[in-house]
Amino acid sequence: MNFSEVFKQSNQLCKVSPDGKYLATCVQYRLVIRDVNTLQILNLYTCLDQISHMEWSSDSLFILCAMYKRALVQVWSLEQPDWHCKIDEGSIGLVSSRWSPDGRHILNTTEFHLRITVWSLCTKAVSYIKYPKACQKGLDFSRDGCYMALAERRDCKDYVSIFVCDDWHLLRHFETETQDLSGLEWSPNGCVLAVWESCLEYKMSLYSLDGRLLSTYSAYEWSLGIKSVSWSPSSQFLAIGSFDEKVRILNHITWKKIAQFEHPAIIDNTKTVYKEIEKRPAVSSDEMSLHDITVASSLFSTQSKYDISPLPVQIPVVKPDPDRANPKIGVSALAFSSDSRYIATKNGGFQVHSLNWHCSGDSLILIGKDQLCLCYMDADQNNE
Amino acid sequence: MGDWGLTETSMDNYEISILSHVAMSPSRHNNLMSAYSLPSSKSSYSVISAFCTEDNIPQCISYINQELGSLGLAAHIQADPPGRASLNAAPALNAMYELLQIHRRSMNNVEELEKEQLKKTSTLEHMQTSNSRLKDQLELSIREKSGLHETERQLQLKLKTLQSCLKTEKDEVQKLQSIIASRASQYSHDAKRKEREAAKLKERLSQLLVDRKDKKLAIEMLNSVGRSDGKRSHWKTAKATASREAEMYKSLLSDYEASQRALMLENAELQKVLQQMKKEMMHILSPCPPLNRGGSAEESQELGDSDREERSAETSRETLDQSCEHAREQLTNSIRQQWRKLRNHVQKLDNQASLVQNQPPSNAEVIPLETHEHEVERMRLEVQQCKEFIHAQQQLLQQQLNTSFDDETAALLNGCYTLEEKERLKEEWRLFDEQKRNFEKERKNFTEAAIRLGREKRAFEEDRAAWLKHQFLSMTPFADRMRSSSSDGQSALSVKSEPEIRTSSSKAPPVKSSAYTTFSTPKSSKSAAVPSTIDVCRTLRLIPDYRESSATEDEESWLKSKSKVCSSDLSIFSLDEDKNPLT
């Protein structure tokens, strides 16, 4: 494996374009576009303030740079470097900014979640959506980019609005059965919307595209509930990770639990456990256990290798502080492989920021605080 | 009379004291007997003597009659004659007899009474002991009871305290629950209130902000960008909204249809599997004479018949419409039935097997098993034997390979094993030696012939050189002398070469002419010995040229040889010139 030279970036804003040809990085207030193969600088744009958020449009023609402090959004074009676009939200403030799936509309969420402003780059038109809910994941686009689901809260009740992304026309508006909606996510086939409660109650509600309640699922009462949710790419399974360190899988026909995975502190029932042993003197070993993986690690300077630990393996458990909110226990990250054969889960307070599968479904990338780890699956192993 | 009265009273007292004495000592039978048997003669004597004297006989008699009358006896003592001291015997005896009777009776009574008294005293004693025992027991039980009472009291106290604690706890819990409920409602109310406030604030804020903003559009673009799909945007009409709805429903419906198709496929698969299972179960249960034995055959036959009937009916029904609920139910029912039958069958087989194990091996079903086992045993033995054999072989082989004997025997053994080889080797050696000898012979012949030929060639060369010289010189006045010598040489050459070629090595060097001597002398000395290979090669090289010249066509070869000779003429000439001064 070869490494290129190190490039500067700020705010971890470094993204490859959706068509895979360009790499965009932000350095303070500059936006640098490079060619992915040669890493030559193709374009250099200068924004008015430090860039807080950067996003490619879905067709890789435009890049959005948001500056939250100044409530400004600037859009740059790749085809025409001298094209410019500036959106000024003014004193209403800016909390988040994102593209619509068609790459021609920008959705800005104002401060205090007062409203969502939809700016159209085609017509310079503006639409406003009122009462968006400030929650973990209040807005989700369906995978085909046709529909947008938005969580709203009016009069102390939760509602979900479904918009058609073509013209931002309100398709459906219905009340949900939640006390305090915490997130929503479309299924990959765009027909089912999963809506879940805040962690004070374990409640997952499933609504169809036209707003009917299909089913609700609640595993237990009183303890802290759902922490993370993930659909399988085939829309057949819904994986729910909760604070009780278990992952429950629901099937799309009956919406009942078909499987449950646990994360015990002593692992005894998997095939192999790989333990990373670092040869850095200062840091203690960082242990991770994922079911049935082989590893090829790539690090810059520290030597680390993975040994097969003999079963049973004891994982060091850090007891969370019971007085604090949002404790670092429970399954916080879930990722299905692309063929829905495997699911990778992260339990507890391990320093893993994200889990991503390769599109072939054979390898997994773990991105930790300082490290990156690639895991390859063996063809002849199967998971539980 | 007064004295008599006194004496009477004293007598009475005395009698009473005697009687009471007797009565007072009930336990002492001996005393009693002694009391009864003979009243202490002294005391009784003294009483009798005090009672009746000579004087007071009639009084005594009257007194006694009174007493007798009071006692209820009919007999009376009569004095006989009256007024005199003697008595009428018969009434006196009767009176005495009656008195004795009375006495005996009273004695008996006394005995009985005493017996009874004894009994009663014993029972009394017994009662007393038991009484005392029971009293003790009673005391003990009373103590126990009091102890138990104590503990009961304590436990009850404890129970009471616990109940009171429980009650207090429950009350507390309820209180807390009510507090929690009230607080929860309070919090939710407050939260709602705050949320409403926040909403109001947001409204206000948004109002202010929106109003405050300048009216110009806050978006600056260089130019509008085309739509991503390249089309123009449409107006928002009711038709558009309807079409949106329609699209949404279409997508939902297509999804449902897809899932339904998948489910149908799965359903069909599962039904096929169930059908398969059912058929197989039926097949297992149906009768196959070579497989089933004994009593189970009949049962299975019955089953088979019923199964066949059922089967035909059911399959016809089932194939009609698989999606029909009725058919589905039938299928599941039939599967269940078959499964039950199969299970029963297997259970029966198990029972039979267990029975068979217990029974003596006379049953027809067991023999095959036995023979099977025999066979297996036999085969095992065979295998064992073979293994042993192989093992022995291996051992022997090992021994052979690792000989740890002393050298002699090892050598002998090795010699034995390699005898044949040695024989063969000897044969071959012999052959080899023969061949070698033959080869040597031939080589010798060859070399000799080669030497001879070399010599002859030299001779010839000399002759030719001489002849040429002669020829050359014949052109000169000195030709005649040369001619003669060269012709001699030539003739010698021609004459001698033939026989030398023909004959063998025996007539070699000494036959050669003197012309060769100068050249051949070194050769002749060595001729008897085997010539060196270098010489042989030399002669061999020379020979083909010579042979060519002699064997092939004369003129051409002669010309060739001549040309060759011309090339070597100078050397020959030089030799010959050298020779000339010598000769």
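Being a predicted model, the structure only gives us computed values, none of them experimental. In what follows, chains carry the letters A, B, and so on, assigned in the order in which the sequence lines appear, proteins first and then strands, with residues in each chain numbered from 1.
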query: Among all residues two or more places apart in sequence or in another chain, which pass the ring pair (Phe, Tyr, Trp, His ring centres under 6.0 Å) test with A:F112?
result: none
query: Is it true that atom CG of B:D350 has more than 12 heavy atoms of other residues, nucleotides or ligands lying nearer than 6.0 Å?
result: yes
message: Per the side-chain hydrogen bond (donor to acceptor under 3.5 Å, both in side chains) rule, what does the pair list look like for residues 140-151 of chain A, sequence neighbours excluded?
response: A:S142-A:D144
Chain B interface, residue from A:D210, A:N189, A:I253 that has the most non-hydrogen pairs under 4.5 Å: A:D210
query: Within the distance-only criterion (no hydrogens, no angle test), does the side chain of A:S17 pair as donor or acceptor with the backbone N or O of A:K21 below 3.5 angstrom?
result: yes
task: Below 4.5 Å from any heavy atom of chain A, which atoms of B:L201 appear? Answer side chain, backbone, both or neither.
output: neither
task: Determine yes or no for a side-chain-to-main-chain donor-acceptor pair under 3.5 angstrom, with A:K133 supplying the side chain and A:L181 the backbone.
output: yes
Contacting region of A:S57 [heavy-atom separation from chain B under 4.5 Å]: neither
- prompt: Which residue out of A:C85, A:S58, A:C146 racks up the most heavy-atom pairs below 4.5 Å with chain B?
  reply: A:C85
- prompt: Do the rings of A:F174 and A:Y207 sit parallel, tilted or perpendicular, given the 30° and 60° boundaries?
  reply: tilted
statement: Comparing A:T117, A:L114, A:D82 against chain B, the one with the most heavy-atom pairs below 4.5 Å turns out to be A:L114
- request: Identify which part of A:R153 has an atom lying under 4.5 Å from any heavy atom of chain B, answering side chain, backbone, both or neither.
  value: side chain
message: Is B:E245 in contact with chain A via its backbone, its side chain, both, or neither, using a 4.5 Å heavy-atom distance?
response: both
